[in-house]
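What follows is a set of notes on a single structure, which appears directly below.
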Number of protein chains: 2
Amino acid sequence: MVEPPNAKEFLETILSNEQARPPGSEQAAIDNQTMSALLNLLGKKHTIVILHQFATGAGPLRFSELEEVVDIAPNTLSNRLEELTEVGLLTRKAYNEIPPRVEYNATEKAQDLAPVFWYLGVWTERHDLEPVSAADRRR
Amino acid sequence: MVEPPNAKEFLETILSNEQARPPGSEQAAIDNQTMSALLNLLGKKHTIVILHQFATGAGPLRFSELEEVVDIAPNTLSNRLEELTEVGLLTRKAYNEIPPRVEYNATEKAQDLAPVFWYLGVWTERHDLEPVSAADRRR
DNA sequence: CTGAATCCGGTCCGATACTG
DNA sequence: CAGTATCGGACCGGATTCAG
């Protein structure tokens with residue numbers, strides 16, 4: 001089973017938060033815009049995998065650690081980390097040491113995405129993505 | 001509030017599903033492979049947005065409907081729909097009519113991803129993705 | 001008329017080499 | 001160690017074309 005971070009408490013909190021937005025409100029429009037931006041961000045290559053690392057494992061991650069785990073070119077990793085930092089999902093702290101050290105941390109905003117990854121793990125326990133016969137593609 | 005598909009029942013089901021996999025088992029390795037394939041699929045451009053459409057709205061969607069909502073080139077949409085159909089997340093039904101009509105439906109496997117999008121909606125009610133000041137990117 | 005195949009131009013990504 | 005520079009290739013967007 002995938003590690004539930006603190007899933008139970010968290011989900012109970014969510015479920016008790018009924019009817020937060022009037023469906024046609026101006027705030028709802030902003031939410032849609034945020035959703036669009038979020039999906040657009042998550043749609044970029046490797047972004048989900050990177051966030052998955054931060055959401056599941058606790059503590060800071062270094063550039064080289066991510067490079068090993070994620071299987072990504074350094075320039076692309078650099079771009080992704082910058083993008084995620086810009087929108088406040090990660091923080092970056094550079095130490096003036098030799099050899100240099102840079103630590104990336106998930107913000108609370110990013111940690112609030114943890115249930116997504118946790119649930120994706122649940123999903124993979126119940127399903128696969130094996131190619132389907134041509135007959136089963138119709139219905 | 002974003003529409004919870006049947007959030008309460010769903011989450012209770014999930015939360016009661018403790019310790020389904022022995023962590024080092026062969027099945028766990030397959031899960032990881034599935035997860036990798038899933039993230040790789042979701043990482044492709046527009047895939048998440050497309051699945052979002054199927055997961056939130058009920059009922060079949062037509063090619064042209066998706067084309068309007070998703071803002072995607074027709075060739076790319078065609079590719080995505082084929083990929084999603086191949087792995088069993090969508091089914092495709094073509095009617096022999098004039099004008100022609102093709103309907104895509106989410107399979108149960110795809111519907112089981114709905115909680116992901118539902119929760120992303122919850123997340124957007126609590127957070128945004130506005131650019132963060134340079135000072136706040138450090139910590 | 002809709003869904004999709006084809007061709008081309010642009011953007012994004014990967015691999016390697018290199019720098020502070 | 002943590003990136004940046006450069007280049008080649010894969011992927012995506014747009015327009016056109018085609019089949020049913």
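Lettering of chains follows the sequences in order, A, B, ..., and the numbering in each one begins at 1. As a basis for the values below, the full set of heavy atoms in this structure was taken, side chains included, without hydrogen atoms, waters or symmetry mates.
Phosphate contact (OP1/OP2 of C:dG3, side-chain N/O of B:S78, threshold under 4.0 Å): absent. Between D:dG13 and B:T76, a contact under 4.0 Å exists linking OP1 or OP2 to a side-chain N or O.
Listed by chain and residue number, nothing satisfies the side chain to side chain donor-acceptor pair (under 3.5 Å) test with A:D128 (two or more places apart in sequence, or in another chain). Among residues two or more places apart in sequence or in another chain, the side chain to side chain contact (heavy atoms under 4.5 Å, CB included) test is passed with A:E65 by A:L61, A:R62. The side chain to side chain contact (heavy atoms under 4.5 Å, CB included) test applied to A:V49 returns A:V70, B:L39, not counting sequence neighbours. The side chain to side chain donor-acceptor pair (under 3.5 Å) test applied to B:S133 returns B:D136, not counting sequence neighbours. Residues satisfying the side chain to side chain contact (heavy atoms under 4.5 Å, CB included) test with A:E82, not counting sequence neighbours, are A:E86.
Nearest heavy atoms, B:L90 versus B:A106: CD2-CA, 3.9 Å. Of all the heavy atoms in B:D31 and A:T124, the pair that sits closest is OD1-O, 3.2 Å.
The shortest side-chain heavy-atom distance between A:F63 and A:V102 does not fall under the 4.5 Å cut-off. Two residues are said to be in side-chain contact when any heavy atoms from C-beta on lie closer than 4.5 Å; B:L41 and B:L84 meet this criterion.
For residues 37-53 of chain B, the set of pairs meeting the side chain to side chain donor-acceptor pair (under 3.5 Å) definition, not counting sequence neighbours, comprises B:K44-B:E83. Listed by first and then second residue, the side chain to side chain donor-acceptor pair (under 3.5 Å) pairs that reach into residues 98-108 of chain B are B:R92-B:Y104, B:Y95-B:E103, B:E97-B:R101, B:R101-B:E103, sequence neighbours excluded. Under the side chain to side chain donor-acceptor pair (under 3.5 Å) criterion, no residue pair touches residues 67-78 of chain B, with sequence neighbours excluded.
A heavy atom closer than 4.0 Å to some atom of DNA chain D occurs in A:R92, A:P99, A:P100, A:R101, A:V102, A:Y104, these being the qualifying members of residues 89-104 of chain A. Only A:K45, A:H46, listed by number, bring a heavy atom of residues 43-51 of chain A to less than 4.0 angstrom from any atom of DNA chain C. Non-hydrogen atoms lying under 4.0 Å from DNA chain D are contributed by A:R62, A:F63, A:S64, all within residues 60-73 of chain A.
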Contacts under 3.5 Å, N or O only, protein and nucleotides 6-10 of chain C:
{"residue": "C:dT6", "atom": "O4", "partner": "B:N75", "partner atom": "ND2", "Å": "3.4"}

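Cluster annotation: A:V132 is not connected to B:F54 through the hydrophobic network of ILVMFWY side chains, with a link wherever side-chain heavy atoms come within less than 4.5 Å.
Whole-Å rounding puts the A:L81 CG to D:dT4 P distance at 10 Å.
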